[in-house]
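Taking it in order: structure first as structure tokens, then the write-up.
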Amino acid sequence: MMRLLTGASPVETFKFVPLSIEALGSTVLVEGTEPARSVYWVHAWTVSADGIITQVREYFNTSVTVTRVGSGESSSSTSKVPKTHCLPVWQSRLPDRARKSLPGLVLAI
């Protein structure tokens, strides 16, 4: 993947057709397919403050849900117990036929 992203490898080997691009803080999510729509993919890029991609995670033929891990306190009046929860912030936008037949994955950021 690094060779494709940096231009060191010819792009003709795999045609990317992005369907969506969304930034969530320092994480950029790119979802797409190839022209025949037989392969679906999600890339999760970690981008530094100066715009350099420092990490790439790729998922092929997988429906991805991204959650943000947060913390807070319980609302119990007798004690303040820390709790952790996951808030869904993004989900694959694959066609229904593809989403139903692909395994699911939750990515916490």
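Computed from a prediction, not measured in an experiment: that's the story for all the values here. When reading the values below, keep in mind they use all heavy atoms of this one structure, side chains included, and skip hydrogens, waters and symmetry mates.
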Evaluate the side-chain proximity of P35 to V17: yes if any heavy-atom separation is below 4.5 Å, no if none is.
yes
Can you tell if the side chain of S26 reaches within under 4.5 Å of the side chain of W45, non-hydrogen atoms only?
no
Any side-chain heavy-atom pair from E31 and W90 closer than 4.5 angstrom?
yes
Do Y59 and L24 share a hydrophobic cluster (ILVMFWY, side-chain heavy atoms under 4.5 Å, transitive)?
yes
Just so I know, are the side chains of W41 and V30 near enough to count as touching, which here means a heavy-atom distance under 4.5 Å?
yes
N/O donor-acceptor pairs under 3.5 Å from side chains in residues 46-53, not counting sequence neighbours:
unit_1	atom_1	unit_2	atom_2	d
T46	OG1	Q55	OE1	3.2
S48	OG	D50	OD1	2.3
S48	OG	I52	N	3.2
S48	OG	I52	O	3.4

Rounded at 0.5 Å granularity, tell me how far CG in L29 sits from CD in Q91.
12.0 Å
Applying the 4.5 Å side-chain criterion to the ILVMFWY set and letting contacts propagate, would F60 and V106 be lumped into a single cluster?
no
Within the distance-only criterion (no hydrogens, no angle test), does the side chain of T62 pair as donor or acceptor with the backbone N or O of G104 below 3.5 angstrom?
no
If the condition is side-chain hydrogen bond (donor to acceptor under 3.5 Å, both in side chains), which residues does S38 pass it with, not counting sequence neighbours?
E34
Note: A44 and L107 closest approach over all heavy atoms is CB-CD2, 3.9 Å
Keeping T33 on the side-chain end and V39 on the backbone end, is there a donor-acceptor pair under 3.5 Å?
yes
Minimal non-hydrogen separation, T65 against P88, with atom names
CG2-CB, 4.4 Å
State plainly whether one hydrophobic cluster holds both L19 and V42, where clusters connect Ile, Leu, Val, Met, Phe, Trp and Tyr through side-chain heavy atoms under 4.5 angstrom apart.
no
Residue pairs meeting salt bridge (Lys or Arg N to Asp or Glu O under 4.0 Å), one or both in residues 19-28, sequence neighbours left out, come to E22-R93
